[in-house]
Amino acid sequence: MKTLWKTITWPFRHLYLCLFFVLAVLAAWGVSVLLRKCNVSAPLLAVEKNEAIETTPEEILSIRHIGQWEFLSFAMEEMVERHEARMLGDRHLVRIYYGTIRLGLDTKDFSDTWFAAKGNTAVVNLPDIRILDENFIDEARTKTFYEEGAFNAEVKRELYDEAYRAMKARAMTAQNRKTARLAAERQMRAILSAFGYDSIVVNFPPQASQSPSHQENTTKASITEQK
(Lines give C-alpha, C1' and ligand atoms only; values in the text may rest on other atoms or scores of the structure.)
Protein backbone atom coordinates (compact mmCIF):
# COMPACT_ATOMS: atom_id res chain seq x y z
CA MET A 1 0.00 0.00 0.00
CA LYS A 2 2.82 2.40 0.83
CA THR A 3 4.63 1.58 -2.41
CA LEU A 4 1.43 2.24 -4.42
CA TRP A 5 0.97 5.61 -2.74
CA LYS A 6 4.57 6.64 -3.61
CA THR A 7 3.98 5.69 -7.24
CA ILE A 8 0.80 7.77 -7.46
CA THR A 9 2.25 10.83 -5.75
CA TRP A 10 5.63 10.76 -7.54
CA PRO A 11 4.60 13.12 -10.40
CA PHE A 12 3.28 15.70 -7.95
CA ARG A 13 6.43 15.53 -5.85
CA HIS A 14 8.57 15.97 -8.98
CA LEU A 15 6.35 18.49 -10.83
CA TYR A 16 9.18 20.60 -12.30
CA LEU A 17 10.94 17.54 -13.65
CA CYS A 18 7.76 16.39 -15.35
CA LEU A 19 7.10 19.80 -16.90
CA PHE A 20 10.65 19.92 -18.24
CA PHE A 21 10.23 16.49 -19.81
CA VAL A 22 6.92 17.47 -21.47
CA LEU A 23 8.39 20.72 -22.85
CA ALA A 24 11.42 18.87 -24.21
CA VAL A 25 9.16 16.44 -26.06
CA LEU A 26 7.06 19.27 -27.51
CA ALA A 27 10.16 21.19 -28.62
CA ALA A 28 11.60 18.13 -30.36
CA TRP A 29 8.28 17.56 -32.13
CA GLY A 30 8.13 21.20 -33.26
CA VAL A 31 11.67 21.13 -34.66
CA SER A 32 10.93 17.97 -36.64
CA VAL A 33 7.79 19.53 -38.16
CA LEU A 34 9.69 22.69 -39.10
CA LEU A 35 12.48 20.73 -40.77
CA ARG A 36 9.96 18.78 -42.87
CA LYS A 37 8.33 22.03 -44.07
CA CYS A 38 11.70 23.55 -45.01
CA ASN A 39 12.46 20.54 -47.19
CA VAL A 40 9.30 20.89 -49.27
CA SER A 41 8.71 24.66 -49.38
CA ALA A 42 10.61 27.88 -50.10
CA PRO A 43 13.35 28.94 -47.70
CA LEU A 44 12.38 31.12 -44.79
CA LEU A 45 14.74 33.89 -45.91
CA ALA A 46 15.13 34.79 -49.60
CA VAL A 47 16.94 37.63 -51.36
CA GLU A 48 15.22 39.01 -54.46
CA LYS A 49 17.37 40.78 -57.06
CA ASN A 50 15.76 43.92 -58.44
CA GLU A 51 17.32 45.20 -61.66
CA ALA A 52 15.21 48.40 -61.75
CA ILE A 53 16.95 51.72 -61.15
CA GLU A 54 15.30 53.77 -58.43
CA THR A 55 15.62 57.21 -60.00
CA THR A 56 13.82 59.80 -57.93
CA PRO A 57 11.78 62.62 -59.48
CA GLU A 58 14.20 65.09 -57.86
CA GLU A 59 17.11 63.67 -59.88
CA ILE A 60 15.22 63.95 -63.16
CA LEU A 61 13.98 67.42 -62.21
CA SER A 62 17.59 68.50 -61.62
CA ILE A 63 18.26 67.98 -65.35
CA ARG A 64 15.38 70.28 -66.28
CA HIS A 65 16.83 72.91 -63.95
CA ILE A 66 19.95 73.17 -66.10
CA GLY A 67 18.24 75.84 -68.19
CA GLN A 68 20.20 76.76 -71.30
CA TRP A 69 22.63 74.00 -72.20
CA GLU A 70 25.32 75.15 -74.64
CA PHE A 71 27.20 72.71 -76.87
CA LEU A 72 28.68 74.87 -79.65
CA SER A 73 29.60 78.53 -79.87
CA PHE A 74 30.63 80.63 -82.86
CA ALA A 75 32.45 83.96 -82.71
CA MET A 76 31.59 85.69 -85.98
CA GLU A 77 32.10 88.85 -87.93
CA GLU A 78 30.14 89.80 -91.01
CA MET A 79 30.85 92.60 -93.48
CA VAL A 80 27.91 94.03 -95.44
CA GLU A 81 27.73 96.98 -97.78
CA ARG A 82 25.28 99.15 -99.62
CA HIS A 83 26.08 101.08 -102.82
CA GLU A 84 23.64 103.43 -104.49
CA ALA A 85 24.30 105.34 -107.73
CA ARG A 86 22.41 108.63 -107.82
CA MET A 87 22.41 111.69 -110.04
CA LEU A 88 23.46 113.88 -107.14
CA GLY A 89 26.32 111.61 -106.16
CA ASP A 90 26.89 107.98 -105.27
CA ARG A 91 26.44 106.67 -101.75
CA HIS A 92 28.49 103.83 -100.33
CA LEU A 93 28.40 102.27 -96.88
CA VAL A 94 30.39 99.32 -95.56
CA ARG A 95 29.80 98.04 -92.03
CA ILE A 96 31.23 95.15 -90.00
CA TYR A 97 29.06 93.36 -87.43
CA TYR A 98 30.28 91.09 -84.64
CA GLY A 99 28.40 88.47 -82.71
CA THR A 100 28.55 85.17 -80.84
CA ILE A 101 26.07 82.44 -81.66
CA ARG A 102 25.53 79.68 -79.10
CA LEU A 103 23.87 76.44 -80.14
CA GLY A 104 22.33 74.10 -77.61
CA LEU A 105 19.19 73.05 -75.78
CA ASP A 106 16.91 74.98 -73.50
CA THR A 107 15.42 72.62 -70.93
CA LYS A 108 12.28 74.78 -70.90
CA ASP A 109 11.57 73.24 -74.32
CA PHE A 110 11.52 69.70 -72.87
CA SER A 111 8.13 68.02 -73.14
CA ASP A 112 6.39 66.42 -70.18
CA THR A 113 7.25 62.99 -71.62
CA TRP A 114 10.88 63.72 -72.39
CA PHE A 115 12.11 60.95 -70.06
CA ALA A 116 10.98 57.37 -69.63
CA ALA A 117 12.63 54.46 -67.82
CA LYS A 118 12.06 50.73 -67.81
CA GLY A 119 14.37 48.69 -65.63
CA ASN A 120 17.93 49.75 -66.38
CA THR A 121 17.00 51.32 -69.74
CA ALA A 122 16.38 55.07 -70.10
CA VAL A 123 14.75 56.69 -73.14
CA VAL A 124 15.23 60.43 -73.62
CA ASN A 125 13.30 62.51 -76.18
CA LEU A 126 15.03 65.85 -76.63
CA PRO A 127 13.94 68.94 -78.59
CA ASP A 128 15.93 70.15 -81.57
CA ILE A 129 19.16 72.13 -81.28
CA ARG A 130 18.54 75.85 -81.52
CA ILE A 131 20.18 79.24 -81.06
CA LEU A 132 20.04 79.97 -77.34
CA ASP A 133 20.15 83.78 -77.66
CA GLU A 134 18.56 85.27 -80.76
CA ASN A 135 20.07 88.70 -80.02
CA PHE A 136 23.55 87.48 -80.83
CA ILE A 137 24.90 90.57 -82.63
CA ASP A 138 26.88 92.91 -80.37
CA GLU A 139 25.77 96.29 -81.71
CA ALA A 140 28.26 98.08 -79.48
CA ARG A 141 31.08 96.52 -81.52
CA THR A 142 29.60 97.39 -84.92
CA LYS A 143 32.13 99.29 -87.05
CA THR A 144 31.61 101.51 -90.05
CA PHE A 145 34.45 100.49 -92.35
CA TYR A 146 33.64 102.99 -95.11
CA GLU A 147 30.93 105.58 -95.54
CA GLU A 148 30.35 108.02 -98.40
CA GLY A 149 27.16 110.02 -98.41
CA ALA A 150 24.40 110.02 -95.80
CA PHE A 151 22.41 106.94 -94.83
CA ASN A 152 19.37 107.00 -92.60
CA ALA A 153 18.50 104.60 -89.78
CA GLU A 154 16.27 102.49 -92.03
CA VAL A 155 19.15 101.66 -94.38
CA LYS A 156 21.42 100.81 -91.45
CA ARG A 157 18.70 98.53 -90.07
CA GLU A 158 18.55 96.74 -93.41
CA LEU A 159 22.31 96.16 -93.24
CA TYR A 160 21.94 94.82 -89.69
CA ASP A 161 19.23 92.39 -90.81
CA GLU A 162 21.37 91.23 -93.71
CA ALA A 163 24.31 90.52 -91.40
CA TYR A 164 21.97 88.77 -88.94
CA ARG A 165 20.60 86.41 -91.58
CA ALA A 166 24.06 85.61 -92.93
CA MET A 167 25.47 84.77 -89.48
CA LYS A 168 22.47 82.65 -88.59
CA ALA A 169 22.63 80.72 -91.87
CA ARG A 170 26.30 79.87 -91.37
CA ALA A 171 25.75 78.79 -87.76
CA MET A 172 22.64 76.65 -88.31
CA THR A 173 24.04 74.30 -90.93
CA ALA A 174 23.14 70.62 -90.86
CA GLN A 175 26.70 69.71 -89.92
CA ASN A 176 26.85 72.16 -87.01
CA ARG A 177 23.52 70.97 -85.66
CA LYS A 178 24.66 67.37 -85.98
CA THR A 179 27.83 68.18 -84.04
CA ALA A 180 25.78 69.87 -81.31
CA ARG A 181 23.42 66.88 -81.17
CA LEU A 182 26.32 64.48 -80.69
CA ALA A 183 27.66 66.65 -77.86
CA ALA A 184 24.20 66.77 -76.24
CA GLU A 185 23.80 62.99 -76.54
CA ARG A 186 27.25 62.41 -75.05
CA GLN A 187 26.55 64.59 -72.03
CA MET A 188 23.07 63.12 -71.50
CA ARG A 189 24.51 59.62 -71.57
CA ALA A 190 27.15 60.61 -69.02
CA ILE A 191 24.49 61.99 -66.63
CA LEU A 192 22.17 59.01 -66.90
CA SER A 193 25.05 56.55 -66.63
CA ALA A 194 25.91 58.21 -63.33
CA PHE A 195 22.31 57.51 -62.25
CA GLY A 196 22.97 53.81 -62.91
CA TYR A 197 21.35 53.20 -66.32
CA ASP A 198 23.18 50.71 -68.55
CA SER A 199 21.15 51.25 -71.72
CA ILE A 200 20.37 54.83 -72.82
CA VAL A 201 18.43 55.84 -75.94
CA VAL A 202 18.55 59.51 -76.98
CA ASN A 203 16.09 60.71 -79.63
CA PHE A 204 15.91 64.02 -81.51
CA PRO A 205 13.29 65.32 -83.97
CA PRO A 206 14.04 64.59 -87.65
CA GLN A 207 16.62 67.06 -88.90
CA ALA A 208 15.38 69.12 -91.84
CA SER A 209 17.83 69.77 -94.64
CA GLN A 210 19.08 73.29 -95.23
CA SER A 211 20.57 74.90 -98.28
CA PRO A 212 24.31 75.60 -98.23
CA SER A 213 25.11 78.78 -96.39
CA HIS A 214 26.53 81.86 -98.03
CA GLN A 215 30.24 82.23 -97.33
CA GLU A 216 32.06 85.55 -97.03
CA ASN A 217 35.83 85.75 -97.41
CA THR A 218 36.03 88.39 -94.71
CA THR A 219 34.01 86.36 -92.19
CA LYS A 220 35.72 84.35 -89.46
CA ALA A 221 34.13 81.81 -87.12
CA SER A 222 35.56 79.88 -84.20
CA ILE A 223 33.82 76.83 -82.76
CA THR A 224 34.17 75.73 -79.15
CA GLU A 225 32.57 72.52 -77.95
CA GLN A 226 31.57 72.56 -74.32
CA LYS A 227 33.09 69.64 -72.37
Side-chain angles (χ1 to χ4, degrees), residues 63-85 90-111 114 124-191 202-227:
I63 298 179
R64 298 198 68 171
H65 285 165
I66 292 175
Q68 290 192 340
W69 204 350
E70 179 183 332
F71 302 110
L72 287 177
S73 64
F74 302 82
M76 294 183 170
E77 64 179 48
E78 186 76 25
M79 184 176 72
V80 293
E81 61 179 321
R82 176 67 58 86
H83 180 80
E84 296 179 358
D90 295 348
R91 295 194 306 177
H92 195 188
L93 176 63
V94 180
R95 308 193 87 185
I96 301 176
Y97 296 88
Y98 299 88
T100 300
I101 296 181
R102 299 181 298 116
L103 300 186
L105 299 174
D106 194 326
T107 55
K108 293 186 299 183
D109 299 333
F110 285 17
S111 67
W114 75 275
V124 181
N125 298 304
L126 298 178
D128 205 357
I129 295 294
R130 69 177 181 86
I131 295 176
L132 297 178
D133 184 5
E134 293 289 345
N135 298 318
F136 51 80
I137 290 183
D138 186 356
E139 295 192 64
R141 296 180 60 198
T142 300
K143 295 181 180 179
T144 300
F145 182 74
Y146 180 81
E147 184 173 10
E148 180 181 359
F151 289 87
N152 57 27
E154 182 180 354
V155 173
K156 293 179 179 179
R157 183 65 190 185
E158 291 174 356
L159 293 178
Y160 173 94
D161 292 340
E162 183 179 341
Y164 183 94
R165 290 190 298 270
M167 289 183 180
K168 188 172 183 177
R170 286 188 293 108
M172 290 294 289
T173 63
Q175 182 58 46
N176 289 340
R177 287 185 294 150
K178 180 180 178 180
T179 302
R181 283 186 173 193
L182 290 175
E185 180 177 350
R186 185 165 57 250
Q187 293 197 26
M188 184 61 71
R189 288 183 181 277
I191 292 175
V202 180
N203 298 319
F204 287 93
Q207 183 167 305
S209 60
Q210 288 190 349
S211 59
S213 59
H214 176 67
Q215 300 292 331
E216 294 286 347
N217 294 332
T218 58
T219 305
K220 300 176 182 179
S222 62
I223 305 175
T224 304
E225 182 176 331
Q226 304 299 313
K227 302 297 183 183

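Along the sequence shown, residues are numbered consecutively beginning with 1. Since the structure is predicted, the reported quantities are computational estimates derived from the model, not experimental observations.
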S.K.: Specify the closest pair of heavy atoms between L103 and I131, including all atoms of both residues, with the distance to one decimal.
M.R.: CD2-CG1, 3.7 Å
S.K.: Do H83 and D90 come within less than 4.5 Å of each other through their side chains, counting heavy atoms only?
M.R.: yes
S.K.: How long is the gap from CD1 on I191 to CD1 on I66, to the nearest 0.5 Å?
M.R.: 4.5 Å
S.K.: Within the 4.5 Å heavy-atom criterion, are K168 and F136 side-chain neighbours or not?
M.R.: yes
S.K.: Crowded around E134 CD? As in, over 12 foreign heavy atoms under 6.0 Å?
M.R.: yes
S.K.: Please work out which of the three classes, parallel, tilted or perpendicular, describes the rings of Y160 and Y97, given edges at 30° and 60°.
M.R.: perpendicular
S.K.: Measure the CG-CD1 distance between D106 and I129 for me, rounded to the nearest 0.5 Å.
M.R.: 11.0 Å
S.K.: Taking all non-hydrogen atoms of both residues into account, name the closest pair between R181 and D128 and its distance.
M.R.: NH2-OD1, 2.9 Å
S.K.: Which value, rounded to the nearest 0.5 Å, describes the distance between Q187 atom CD and I63 atom CD1?
M.R.: 11.5 Å
S.K.: Where do P127 and D109 come nearest, in terms of heavy atoms and distance?
M.R.: CG-CB, 3.9 Å
S.K.: Looking only at non-hydrogen atoms, find the nearest pair between L93 and K156 and report the distance.
M.R.: CD2-CG, 4.3 Å
S.K.: Between D161 and R165, is there a side-chain N and carboxylate O pair less than 4.0 Å apart?
M.R.: no
S.K.: With a 4.5 Å heavy-atom cut-off, do K178 and F204 have their side chains touching?
M.R.: no
S.K.: So that I can tick it off, tell me whether R189 and E185 are bridged by a salt bridge, with the cut-off set at under 4.0 angstrom between side-chain N and carboxylate O.
M.R.: yes
S.K.: Taking atom CZ of F110 and atom CG of N125, what is their separation to the nearest 0.5 Å?
M.R.: 10.5 Å
S.K.: So which atom in D133 and which in R102 form the shortest heavy-atom distance, rounded to 0.1 Å?
M.R.: CB-NH2, 3.9 Å
S.K.: Using 0.5 Å steps for rounding, measure from the OH atom of Y164 to the CD1 atom of I137.
M.R.: 7.5 Å
S.K.: Charged N to carboxylate O below 4.0 Å: is that the case for R95 and E147?
M.R.: no
S.K.: Working to the nearest 0.5 Å, report the span between CG of L105 and CD of Q68.
M.R.: 10.5 Å
S.K.: Sub-3.5 Å donor-acceptor pair from the side chain of D138 to the main-chain atoms of Y98, do we have one?
M.R.: no
S.K.: Might you point out which heavy atoms bring H92 and E81 nearest each other, and give the distance in Å?
M.R.: NE2-OE1, 2.9 Å
S.K.: Can you list the steps and then say if T100 with F74 is a side chain to side chain contact (heavy atoms under 4.5 Å, CB included)?
M.R.: CA-CA 5 Å; T100 300; F74 302 82; over 6 Å; no
